[in-house]
Amino acid sequence: MENKEKEISRTILAATQKPVVGEAGLTSAWRTEKPVINHEACIVVRKNKEVCHFCWMYCPEATIKKTIPVEIDYDYCKGCGICAYECPHNAILMVDESREISP
Ligand code: SF4
Ligand code: SF4
């Protein structure tokens with residue numbers, strides 16, 4: 001197989017693989033901001049069924065659990081903010097790592 005074809009195959013494979021929790025180590029150390037879920041605004045809790053879970057689907061570290069309510073494993077969350085960006089109900093807020101807030 002030509003090098004270019006191998007490169008394309010690797011790219012397609014990487015794009016379709018599901019991430020695994022802890023794959024990149026203890027990524028919580030990278031975080032400067034942490035995602036905090038406002039469960040009252042989360043549609044999964046409001047409807048009490050699996051109607052969204054976009055945050056679970058987009059998290060690149062697989063640290064969001066597809067549960068009701070949604071849970072985040074802060075040992076491996078790297079604070080990238082993708083979950084907050086993708087949440088269609090603005091139910092996730094990125095806050096300073098040092099700040100504790102009640103959603
Ligand atoms: S993306 Fe937002 S609304 Fe959807 S399950 Fe996650 S927190 Fe809830
Ligand atoms: S900020 Fe959200 S998307 Fe990023 S690693 Fe943490 S839980 Fe996953």
Side-chain angles (χ1 to χ4, degrees):
M1 192 186 287
E2 294 290 319
N3 281 348
K4 186 72 179 165
E5 286 174 341
K6 278 186 186 169
E7 192 184 316
I8 290 169
S9 295
R10 272 199 302 272
T11 305
I12 292 169
L13 187 64
T16 54
Q17 278 180 327
K18 197 162 169 32
V20 176
V21 180
E23 200 171 28
L26 206 60
T27 39
S28 59
W30 303 358
R31 215 168 52 222
T32 55
E33 288 187 320
K34 70 192 266 189
V36 175
I37 301 172
N38 176 357
H39 292 291
E40 287 176 16
C42 173
I43 196 74
V44 164
V45 171
R46 284 168 44 204
K47 300 249 182 206
N48 194 31
K49 58 181 168 181
E50 293 190 13
V51 288
C52 177
H53 282 135
F54 274 26
C55 50
W56 166 82
M57 186 167 63
Y58 284 105
C59 175
E61 296 299 327
T63 61
I64 298 184
K65 294 186 184 128
K66 198 179 181 188
T67 51
I68 303 173
V70 173
E71 290 175 25
I72 297 172
D73 182 343
Y74 287 110
D75 285 343
Y76 298 102
C77 165
K78 64 184 177 187
C80 64
I82 291 173
C83 54
Y85 181 80
E86 294 295 343
C87 175
H89 296 277
N90 296 320
I92 304 178
L93 188 65
M94 297 303 291
V95 301
D96 282 350
E97 184 64 28
S98 54
R99 266 182 66 206
E100 281 297 330
I101 64 160
S102 306

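Residue numbers count from 1 along this sequence. What you see is a predicted model; the values in this text were computed from it and never measured. Numbering of ligands and ligand atoms starts at 1, following listing order.
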So is Pro88 touching ligand 1 or not, going by heavy atoms under 4.0 Å? yes
Those atoms of ligand 2 less than 4.0 Å from some heavy atom in Thr63: 7 (S), 8 (Fe)
Does a side-chain heavy-atom distance below 4.5 Å link Ile37 with Pro69? no
Is there an N/O/S atom in Cys52 at a distance below 2.8 Å from atom 2 (Fe) of ligand 1? no
Count the heavy atoms belonging to other residues, nucleotides or ligands that lie under 6.0 Å from OH of Tyr74, then report whether that count exceeds 12. yes
Which atoms of ligand 1 have any heavy atom of Cys42 under 4.0 Å away? 3 (S), 5 (S), 7 (S), 8 (Fe)
Identity and separation of the nearest protein heavy atom to atom 2 (Fe) of ligand 2: Cys83 SG, 2.3 Å
Shortest protein heavy-atom distance from atom 8 (Fe) of ligand 2, along with the residue and atom involved: Cys59 SG, 2.3 Å
Could you list which atoms of ligand 2 come closer than 4.0 Å to a heavy atom of Ile64? 7 (S)
Which atom of Leu26 lies closest to which atom of Asp75, heavy atoms considered: CD1-O, 3.4 Å
Do you know the tightest heavy-atom contact between Glu40 and Arg46? O-CD, 3.0 Å
Under 2.8 Å from atom 4 (Fe) of ligand 2, can any N, O or S atom of Cys80 be found? yes
Please work out, at 4.0 Å between heavy atoms, whether the side chain, the backbone, both, or neither of Pro35 comes within that distance of ligand 2. side chain
Need the ligand 2 atom indices (1-based, order shown) with element for anything under 4.0 Å from a heavy-atom of Pro60. 3 (S)
Heavy-atom nearest option to atom 5 (S) of ligand 2, drawn from Lys78, Glu33, Glu71, Arg31: Lys78
Ligand-residue contact atoms, ligand 1 with Ile92, heavy atoms, under 4.0 Å: 7 (S)
Between Ala84 and Met94, what is the shortest heavy-atom contact and its length? CB-CG, 3.9 Å
Which pair of non-hydrogen atoms, one from Glu86 and one from Phe54, has the smallest distance, and what is that distance? O-CD2, 3.8 Å
Under 4.0 Å from a heavy atom of Val44: give me the atoms of ligand 1 that qualify, with their elements. 5 (S)
Go through ligand 1 atom by atom and flag the ones less than 4.0 Å from a non-hydrogen atom of His89. 3 (S)
Using every non-hydrogen atom in the two residues, find where Cys87 and Ala91 come nearest and quote the distance to one decimal. SG-N, 3.2 Å
I'd like to check which ligand 1 atoms, numbered from 1 as shown, lie under 4.0 Å from a non-hydrogen atom of His53. 4 (Fe), 5 (S)
Interatomic spacing from CD1 in Ile92 to NE2 in His39 - rounded to 0.5 Å: 9.0 Å
Under 4.0 Å from any heavy atom of Ile43, which atoms of ligand 1 are there? 3 (S)
Can you measure from CD1 (Ile72) to NZ (Lys65) and round to the nearest 0.5 angstrom? 10.0 Å
When rounded to the nearest 0.5 angstrom, what is the spacing between NZ in Lys49 and CD1 in Ile68? 10.0 Å
For Gly79, take its heavy atoms, then give the atoms of ligand 2 lying under 4.0 Å from any of them. 1 (S), 6 (Fe)
Do me a favour and list the nearest non-hydrogen protein atom to atom 6 (Fe) of ligand 1 with residue, atom name and distance? Cys55 SG, 2.3 Å
Heavy atoms only: give me the nearest Glu61-Lys78 pair and the separation to one decimal. OE2-NZ, 3.0 Å
